[in-house]
Visitor: 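Pasting a structure below so you can have a look.
Only heavy atoms go into these numbers, but all of them, side chains included; no hydrogens, no water, no symmetry mates.
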Amino acid sequence: MTSLPGPVHAAAAVGVDLTPEIIRLEEISRLYVTGPTEVRALDRVSLAIPRGAFIALMGPSGSGKSTLLNVLGCLDSPTAGRYLLDGEAVNGLSEQRLADIRQRKIGFIFQSYHLVPRMSAARNVELPLILAGVEPAERRRRVAEALAATGLGTRASHRPDQLSGGERQRVAIARAVVTRPSLLLADEPTGNLDSHTGDEIVALLQSLHRAGLTIVMVTHDPRVAAKAERLLTMRDGRLESGPEAA
């Protein structure tokens with residue numbers, strides 16, 4: 001399997017802030033109001049994540065895991081508190097600026113892959129580069145590199161319906177890292193996979209982590225969570241620090 005260029009080294013080459021903390025949350029709360037009902041999905045969450053960490057996030061349904069991941073990914077805005085990503089406060093930024101941050105700094109992996117059915121694996125991986133305005137020759141080079149790094153060099157022309165579940169998730173991972181983000185957010189990345197295939201996907205995430213990528217992964221599976229460096233648990237919108245993983 002080919003190695004992707006280390007995200008930290010790539011960031012340094014273009015002058016990105018390399019402060020020790022990539023994420024800092026200060027008293028983050030997220031309230032949802034439906035008529036007379038107020039739901040506190042996040043309740044004064046404070047958290048610092050060092051650059052290059054691999055964090056697993058667990059908790060019962062409704063504990064706030066998905067809300068926290070959406071806030072980290074700049075897909076949702078907190079009701080109160082302060083969020084700094086790469087040293088930049090993202091609260092109150094315009095939608096255009098948030099979209100730019102998501103495009104340049106954050107990669108997303110989902111349980112259901114979210115691939116475009118009619119497009120080949122290579123074309124799915126290429127999409128974020130097209131949106132970012134990367135030149136065609138550079139796009140082709142990066143797509144080939146990302147597919148090789150995820151073990152799909154020979155499957156580039158296959159559509160999602162011609163791939164196994166594990167291969168689809170590898171395509172999704174290649175798409176998430178092809179823009180060379182500094183942060184990878186994974187929402188139940190093994191949730192639709194059998195245990196053996198899930199182990200292969202986690203091993204791939206571990207290799208990306210060793211290359212310098214910061215990963216925050218939501219999972220319901222303790223076996224998967226144990227592969228991370230640190231386990232955090234959520235309950236009733238609050239964060240509980242867990243033990244260092246093996």
Visitor: Distance-only, no hydrogens or angles: does the Arg82 side chain make a donor-acceptor pair with backbone N or O of Glu26 under 3.5 Å?
Guide: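 No, Arg82 side chain to Glu26 backbone: no donor-acceptor pair under 3.5 Å.
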
Visitor: Quick test of your reading: applying ring pair (Phe, Tyr, Trp, His ring centres under 6.0 Å), list the pairs with at least one residue in residues 40-77, sequence neighbours left out, ordered by first then second residue.
Guide: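 Only Phe54-His209 qualify under ring pair (Phe, Tyr, Trp, His ring centres under 6.0 Å).
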
Visitor: What do the steps show when you test Ile109 against Gln169 for side chain to side chain contact (heavy atoms under 4.5 Å, CB included), and what is the final call?
Guide: CA-CA 8 Å; Ile109 305 171; Gln169 192 60 290; 3.3 Å; yes

Visitor: If you look only at pairs with a residue in residues 115-151, which of them pass as a ring pair (Phe, Tyr, Trp, His ring centres under 6.0 Å), with sequence neighbours excluded?
Guide: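 Ring pair (Phe, Tyr, Trp, His ring centres under 6.0 Å) check on residues 115-151 returns no pairs.
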
Visitor: Is there any salt bridge (Lys or Arg N to Asp or Glu O under 4.0 Å) pair reaching into residues 124-134, and which pairs are they, with sequence neighbours excluded?
Guide: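 Residue pairs with at least one partner in residues 124-134: Arg123-Glu126, Glu126-Arg139.
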
Visitor: Distance-only criterion, 3.5 Å: show the donor-acceptor pairs between side-chain atoms of residues 35-46 and protein atoms not counting sequence neighbours.
Guide:
from  : atom 1 : to     : atom 2 : distance (Å)
Asp43 : OD2    : Arg238 : NE     : 2.8
Asp43 : OD2    : Arg238 : NH2    : 3.0
Ser46 : OG     : Glu27  : N      : 2.9

Visitor: Got a donor-acceptor contact below 3.5 angstrom from the Thr79 side chain to the Leu31 backbone?
Guide: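 Side chain of Thr79 to backbone of Leu31, a donor-acceptor pair under 3.5 Å: yes, one is there.
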
Visitor: Could you go through Arg51 and Glu21, starting from their C-alpha distance and side-chain angles, then the distance that decides it, and tell me whether this counts as side chain to side chain contact (heavy atoms under 4.5 Å, CB included)?
Guide: CA-CA 5 Å; Arg51 192 176 303 277; Glu21 292 175 356; over 6 Å; no

Visitor: Quick one: does Asn91's side chain have a donor or acceptor within less than 3.5 Å of a partner on Gly81's backbone?
Guide: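 Side chain of Asn91 to backbone of Gly81: a pair is present.
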
Visitor: Is Glu145 salt-bridged to Arg142, cutoff N-O under 4.0 Å?
Guide: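 Between Arg142 and Glu145 there is no salt bridge, as every charged N stays at least 4.0 Å from the carboxylate O atoms.
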
Visitor: Can you sort out the partners of Glu135 under side chain to side chain donor-acceptor pair (under 3.5 Å), two or more places apart, ordered by chain and number?
Guide: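 Result, side chain to side chain donor-acceptor pair (under 3.5 Å) vs Glu135: none returned.
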
Visitor: Between the main-chain N or O of Leu152 and the side-chain N or O of Arg170, is there a donor-acceptor pair closer than 3.5 Å?
Guide: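 No: the side chain of Arg170 does not pair with the backbone of Leu152.
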
Visitor: Determine which pairs satisfy ring pair (Phe, Tyr, Trp, His ring centres under 6.0 Å) with at least one residue from residues 133-186, sequence neighbours left out, and list them in order.
Guide: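 Ring pair (Phe, Tyr, Trp, His ring centres under 6.0 Å) check on residues 133-186 returns no pairs.
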
Visitor: Going from CG on Leu47 to CZ on Arg24, what distance comes out if it is rounded to the nearest 0.5 angstrom?
Guide: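 Nearest 0.5 Å value for the CG-CZ distance: 9.0 Å.
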
Visitor: Give every donor-acceptor pair under 3.5 Å between a side-chain atom in residues 189-196 and any protein atom, sequence neighbours left out.
Guide:
from   : atom 1 : to     : atom 2 : distance (Å)
Asn192 : OD1    : Gln111 : NE2    : 2.9
Asn192 : ND2    : Gln111 : O      : 3.0
Asp194 : OD1    : His196 : N      : 3.1
Asp194 : OD1    : Thr197 : N      : 2.9
Asp194 : OD1    : Thr197 : OG1    : 3.2
Asp194 : OD2    : Thr197 : OG1    : 3.0
His196 : NE2    : Glu200 : OE2    : 3.2

Visitor: Test side chain to side chain contact (heavy atoms under 4.5 Å, CB included) on Ile173 and Leu205 and set out the steps.
Guide: CA-CA 9 Å; Ile173 293 172; Leu205 294 178; 4.2 Å; yes

Visitor: May I ask you to decide if Gly59's main-chain N or O and Lys65's side chain share a donor-acceptor pair within less than 3.5 Å?
Guide: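 Judged by distance alone, yes, a pair lies under 3.5 Å.
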
Visitor: By side chain to side chain donor-acceptor pair (under 3.5 Å), which residues pair with Arg97, not counting sequence neighbours?
Guide: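 Scan of Arg97 (side chain to side chain donor-acceptor pair (under 3.5 Å), adjacent residues dropped) gives Glu88, Asp100.
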
Visitor: Please check: side-chain N/O of Tyr83 versus main-chain N/O of Ala89, any donor-acceptor pairing under 3.5 Å?
Guide: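 A pair under 3.5 Å: no.
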
Visitor: Report the residues that fulfil ring-ring contact (aromatic ring centres under 6.0 Å, His included) with Phe110, sequence neighbours left out, ordered by chain and then residue number.
Guide: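 Phe110 satisfies ring-ring contact (aromatic ring centres under 6.0 Å, His included) with His114 once adjacent residues are dropped.
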
Visitor: Any salt bridge between Glu167 and Arg155, counting N to O under 4.0 Å?
Guide: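 Looking at Arg155 together with Glu167, the answer is yes, because their closest N to O distance falls below 4.0 Å.
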
Visitor: Have a look at Phe108 and tell me which of Leu184, Leu183, Leu75 forms a side chain to side chain contact (heavy atoms under 4.5 Å, CB included) with it.
Guide: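 Single pass found, and it is Leu75.
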
Visitor: At what distance, to the nearest 0.5 angstrom, does CD of Glu229 lie from CD1 of Ile55?
Guide: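 These two atoms lie 6.5 Å from each other.
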
Visitor: Side-chain heavy atoms under 4.5 Å apart, restricted to Ile/Leu/Val/Met/Phe/Trp/Tyr: what other residues fall into the cluster of Met119, or is it alone?
Guide: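 Grouped by the 4.5 Å side-chain rule, Val116, Leu127 form the rest of the cluster around Met119.
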
Visitor: For residues 203-214, which residue pairs qualify under salt bridge (Lys or Arg N to Asp or Glu O under 4.0 Å), counting only residues two or more places apart or in two chains?
Guide: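 Applying salt bridge (Lys or Arg N to Asp or Glu O under 4.0 Å) to every pair that reaches into residues 203-214, excluding sequence neighbours, yields nothing.
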
Visitor: Go through Val178 and Leu129 one step at a time and tell me if the side chain to side chain contact (heavy atoms under 4.5 Å, CB included) criterion holds.
Guide: CA-CA 8 Å; Val178 74; Leu129 298 178; 3.6 Å; yes

Visitor: Tell me every residue that passes side chain to side chain donor-acceptor pair (under 3.5 Å) with Asp199, counting only those two or more places apart in sequence or in another chain.
Guide: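 Asp199 satisfies side chain to side chain donor-acceptor pair (under 3.5 Å) with Arg223 only.
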
